[in-house]
Amino acid sequence: MAMHSRREFLTDVGRGMIVASVGAALAADMGLSRAEAAGEAAESLDFGPMEPLVRLMQETPVNRLLPVLVEKMKSGVELKRLVAAAALANARTFGGEDYVGFHTMMALAPAFHMSAELPEANRALPILKVLYRNTNRIQEHGGRPSEVLHPVEQGNGSQNGATPESLRAAVRAKDRAQAEQAYATIAAHSPEDALNAVLMSVEDRPEVHRVVLPYRAWDLLDLIGKEHAQTLLRQSVRYCLAFGHPGTSAGDPPKLLPRIFDEHHLHDATPGQRDVEDAWIEKMSQTIFAGTPQQAADAAAAALADGIAPDAVGHAISLAANQLILRDVGRTAHDEVAFKPIGSVHGDSIGVHACDSANAWRNLARVTNTQNQFACLILGAYQVAYDRTERGGDFLHWQPLPLPEHLQQIKETRPDALLADLDAAVRGNMQAHAAAIAQRYVDLGHAARPAFDLLLKFAVSEDGALHAEKFYRTSCEEFAANRPAFRARHLAALARVTASEYGRPAPGMAEARELLKA
């Protein structure tokens with residue numbers, strides 16, 4: 001199915017489920033007011049002191065939004081408060097069920113992180129870019145009358161048996177009322193309990209949106225406050241209910257994980273601290289990249305059972321996913337769509353999705369309980385191999401960029417001259433040349449920050465087909481977390497994707513620059 005059709009399908013399904021879910025029985029089960037069942041307005045979530053700003057994000061006509069937000073900033077409203085309000089408006093409106101909606105939510109934390117890397121005068125640009133997209137989609141969706149999330153009664157845990165396992169069972173059965181109530185009961189204890197419970201359902205079917213959504217929600221909590229963790233993570237429950245059933249074969253995660261935990265004795269194991277050499281990480285990354293999904297999962301489990309530090313396993317997973325960007329031949333004539341021409345690798349490409357997924361699994365493994373830490377890394381490895389084998393392409397035989405002949409063309413050694421060449425390569429959509437310059441720049445030992453600053457301006461200015469912010473942040477995180485021997489690959493991948501996406505400015509960006517005099 002073409003990517004354009006897939007997006008329309010997911011969006012239509014999300015809308016259809018919203019319409020289909022309204023009914024007297026379900027309203028009663030979810031603890032909603034009886035007015036909803038009668039077709040009247042349902043009781044709305046209320047975000048207290050944040051409510052006026054949340055409503056502004058939902059109700060301001062998009063053609064007036066940016067001037068209003070700039071005036072808010074001038075009056076002293078901090079950027080992080082604008083991001084928090086946008087996240088709550090997004091969650092309340094879409095509930096994790098709208099394709100553009102949940103992609104926009106996942107871009108909010110990356111946009112905020114990007115803002116901190118910019119000069120003071122430009123810091124609002126990436127945030128205004130995503131807030132414009134957010135309000136535009138909210139209004140396309142129907143505004144406040146179309147809100148998906150409403151209050152849910154919390155049950156008594158000891159009476160209704162609300163556990164991560166019961167939540168997962170309700171999700172598998174597609175029993176929305178039971179799943180919502182079980183989740184609300186668990187989430188009332190702590191954000192950490194909510195995350196660990198949600199992940200047990202997420203782990204049923206490794207897929208990019210399913211795993212990136214809870215990670216980017218968790219990444220927002222420092223801005224938005226842990227008191228709103230229940231609302232943000234609730235989107236993942238709704239997503240799992242709306243999109244996809246767990247597999248049933250022996251090689252699918254619902255059956256694969258129990259087998260792996262048993263065979264490798266991971267149920268009672270504790271994370272190891274054993275360090276490894278760079279060569280081990282390189283070899284493990286190739287094992288994950290080249291194996292079947294089951295082989296990749298077993299390799300990660302064996303390493304964890306052997307006491308290898310989880311971070312080392314995570315780095316190997318990240319490098320394996322990185323190969324899917326560096327080796328991708330790009331879109332073919334068969335799957336070319338508007339704003340994603342032949343040869344492009346930006347947006348929802350195999351490589352971008354794989355890298356964002358690996359980044360999410362790796363980061364979630366660092367903040368969850370031991371069982372989920374092991375499961376996240378095992379499934380992170382599984383998903384890289386699954387993406388390579390199930391989504392098409394001869395990745396094992398395609399060679400990673402930059403090729404030797406590309407590197408031989410790079411004669412310059414001075415950092416400023418290399419950056420000027422990189423800028424020109426991006427503007428010329430020269431993916432291989434951009435990757436080669438980035439590789440050479442790092443190999444020569446030049447400071448990384450100026451190169452990221454250069455690529456950052458394009459991550460801000462370009463549309464990126466909903467993925468520019470996330471992938472820029474993924475690349476920054478993986479570059480910083482990985483070992484020096486492997487960092488050039490992450491910058492090369494970012495340079496390639498940036499060159500692919502250049503030439504399609506983001507909606508609202510010109511107006512934002514004019515308002516900010518940026």
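Note that this is a predicted model, so its numbers are computed, not measured.
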Checklist line | Interatomic distance, Leu444 atom CG to Arg414 atom CZ [nearest 0.5 angstrom] | finding: 12.5 Å
Notebook entry, point to check: Quick one: CG on Asn359 to CZ on Arg362, what's the gap to the nearest 0.5 Å?
Noted result: 5.5 Å
Note to self: Within the 3.5 Å criterion, strictly below it, is a donor on Gln439 or Asp443 matched to an acceptor on the partner's side chain?
What the structure shows: yes
Margin query: Just by distance, no angles: are the side chains of Ser357 and Gln383 close enough, under 3.5 Å, to form a donor-acceptor pair?
Written below: yes
Notebook entry, point to check: Would you say the ring centroid of Trp398 lies under 6.0 angstrom from that of Phe395?
Noted result: yes
Next item on the list: Over all heavy atoms of both residues, which pair between Cys355 and Ile325 is shortest? Give the atoms and the distance, please.
Entry: SG-CD1, 3.7 Å
Notebook entry, point to check: Any side-chain heavy-atom pair from Val202 and Tyr239 closer than 4.5 angstrom?
Noted result: no
Checklist line | Side-chain (Asp298) to main-chain (Ile260) donor-acceptor, under 3.5 angstrom | finding: no
Notebook entry, point to check: Quick check: does any side chain N or O of Gln235 sit under 3.5 Å from a backbone N or O of Leu232, one acting as donor and the other as acceptor?
Noted result: yes
Checklist line | Test item: Ile138 and Phe94 side chains (from C-beta on) under 4.5 Å apart, heavy atoms | finding: yes
Check: Considering residues, nucleotides and ligands other than Arg366, do more than 12 of their heavy atoms fall under 6.0 Å from its CZ?
Finding: no
Next item on the list: Report yes if the side chains of Leu128 and Val70 come closer than 4.5 Å at any heavy-atom pair, otherwise no.
Entry: yes
Notebook entry, point to check: Of the non-hydrogen atoms in Ala124 and Leu79, which two are nearest, and what is the gap between them?
Noted result: CB-CD2, 3.9 Å
Next item on the list: Please say whether more than 12 non-hydrogen atoms of neighbouring residues, nucleotides or ligands are located less than 6.0 Å from CD in Gln286.
Entry: yes
Note to self: Treating Arg327 as the side-chain partner and Asp394 as the backbone partner, does any N or O pair qualify as donor plus acceptor under 3.5 Å?
What the structure shows: no
Next item on the list: Report the distance from atom CG of Asp348 to atom CG of Asp356, rounding to the nearest 0.5 Å.
Entry: 11.0 Å
Margin query: Using side-chain heavy atoms (C-beta onward) and a distance below 4.5 Å, is Leu418 in contact with Ile410?
Written below: yes
Margin query: One pair to check against side-chain contact (heavy atoms from CB on, under 4.5 Å): Met509 and Leu125. What are the steps and the verdict?
Written below: CA-CA 7 Å; Met509 184 50 56; Leu125 283 176; 3.8 Å; yes
Next item on the list: Could you tell me whether the side chain of Ile308 reaches within less than 4.5 Å of the side chain of Trp280, counting heavy atoms only?
Entry: yes
Checklist line | Nearest atoms (heavy-atom pairs only) where Ser285 meets Ala316 | finding: CB-O, 3.3 Å
Notebook entry, point to check: Which heavy atom of Ala300 sits nearest a heavy atom of Ala381, and at what distance?
Noted result: CB-CB, 3.9 Å
Check: Do Leu516 and Asn122 touch side chain to side chain, with heavy atoms closer than 4.5 Å?
Finding: no
Item checked: Gln58 and Arg92 side chains, donor-acceptor separation under 3.5 Å -> yes
Notebook entry, point to check: Roughly how far, to the nearest 0.5 Å, is NZ of Lys457 from OG of Ser461?
Noted result: 8.5 Å
Check: Restricting to pairs with a member in residues 506-518, which pass side-chain hydrogen bond (donor to acceptor under 3.5 Å, both in side chains), not counting sequence neighbours?
Finding: none
Notebook entry, point to check: So, Glu469 and Arg473, do they make that salt bridge, N to O below 4.0 Å?
Noted result: no
Margin query: Does Asp387 form a side-chain contact (heavy atoms from CB on, under 4.5 Å) with Val384? I'd like the steps, not just the answer.
Written below: CA-CA 5 Å; Asp387 285 344; Val384 173; 6.0 Å; no
Next item on the list: Check whether the side chains of Asn322 and Glu478 place a donor and an acceptor atom closer than 3.5 Å, and report yes or no.
Entry: no
Next item on the list: Answer yes or no: is there an ion pair linking Lys80 with Asp222, defined by an N-O contact shorter than 4.0 Å?
Entry: no
Next item on the list: Hey, can you tell me if His446 and Tyr441 have their rings parallel, tilted or perpendicular (30° and 60° cut-offs)?
Entry: tilted
Next item on the list: On the 0 to 90° scale, with breaks at 30° and 60°, tag the Tyr382-Tyr386 ring pair as parallel, tilted or perpendicular.
Entry: parallel
Next item on the list: Count the heavy atoms of every other residue, nucleotide or ligand shown that sit under 6.0 Å from CZ of Arg64, and state whether that count exceeds 12.
Entry: no
Item checked: His433 and Asp421 side chains, donor-acceptor separation under 3.5 Å -> no
Check: Would you say the side-chain atoms of Gln431 and Tyr502 include a donor-acceptor pair closer than 3.5 Å?
Finding: no
Next item on the list: Please check if the distance between the ring centroids of Phe479 and Phe452 is under 6.0 Å.
Entry: yes
Next item on the list: Check whether any side-chain N or O of Lys470 sits under 3.5 Å from a backbone N or O of Leu466 as a donor-acceptor pair, and report yes or no.
Entry: yes
Margin query: Contact between Phe289 and Leu396 at the side-chain level, heavy atoms closer than 4.5 Å - yes or no?
Written below: yes
Notebook entry, point to check: Can you check whether Tyr132's main-chain N or O pairs, donor with acceptor, with Thr135's side chain at less than 3.5 Å?
Noted result: no
Note to self: Between Lys226 and Asp193 (salt bridge meaning N to carboxylate O under 4.0 Å), is one present in this structure?
What the structure shows: no
Item checked: His490 versus Asn482, side-chain donor and acceptor atoms under 3.5 Å -> yes
Checklist line | Check against side-chain contact (heavy atoms from CB on, under 4.5 Å), Met114 and Val460 | finding: CA-CA 8 Å; Met114 289 162 62; Val460 173; 3.7 Å; yes
Note to self: Could you walk me through whether Tyr215 and Val367 satisfy the side-chain contact (heavy atoms from CB on, under 4.5 Å) test, starting with their C-alpha distance in whole Å, then the side-chain angles of each, then the deciding distance to 0.1 Å, before giving a yes or no?
What the structure shows: CA-CA 10 Å; Tyr215 168 54; Val367 296; over 6 Å; no
Item checked: CD/Gln409: more than 12 non-hydrogen atoms of other groups inside 6.0 Å -> yes
Item checked: Ionic contact status for Arg123 with Glu78, cut-off 4.0 Å -> no
Next item on the list: Would you check if the side chain of Arg274 reaches a backbone N or O of Ala309 as a donor-acceptor pair within less than 3.5 Å?
Entry: no
Check: Do side-chain atoms of Glu277 reach the backbone of Ala279 as a donor and acceptor pair under 3.5 angstrom?
Finding: no
Margin query: Whether the side chain of Glu336 engages the backbone of Ala333 through a donor-acceptor N/O pair (distance < 3.5 Å, no angle test) should be reported.
Written below: no
Please list, one pair per line, the donor and acceptor atoms closer than 3.5 Å that link side chains of residues 102-109 to other protein atoms, with sequence neighbours excluded.
unit_1	atom_1	unit_2	atom_2	d
His103	ND1	Tyr99	O	2.9
His103	NE2	His209	NE2	3.2
Thr104	OG1	Val100	O	2.8

Margin query: Does Arg489 form a salt bridge (charged side-chain N to carboxylate O under 4.0 Å, His left out) with Glu282? I'd like the steps, not just the answer.
Written below: CA-CA 12 Å; Arg489 301 181 196 181; Glu282 180 74 84; 2.5 Å; yes
Notebook entry, point to check: Got a salt bridge between Asp463 and Arg504, using NZ or NE/NH1/NH2 to carboxylate O under 4.0 Å?
Noted result: no
Check: Between the main-chain N or O of Asn196 and the side-chain N or O of Asn372, is there a donor-acceptor pair closer than 3.5 Å?
Finding: yes
Note to self: Could you report the tightest heavy-atom contact between Val345 and Gly330, atom names first, then the distance?
What the structure shows: CG1-CA, 3.8 Å
Check: Glu117 versus Arg449: any side-chain heavy-atom pair under 4.5 Å?
Finding: yes
Item checked: Atom pair CG (Asn90) and OG1 (Thr231), whose distance is rounded to the nearest 0.5 Å -> 12.0 Å
Margin query: Could you check whether any side-chain N or O of His264 sits under 3.5 Å from a backbone N or O of Ala305, counting only pairs where one atom can act as donor and the other as acceptor?
Written below: no
Margin query: Could you check whether Phe47 and His228 have their ring centres less than 6.0 Å apart?
Written below: yes
Notebook entry, point to check: Any idea which heavy atoms bring Gly347 and Ala465 closest together, and the distance?
Noted result: CA-CB, 3.8 Å
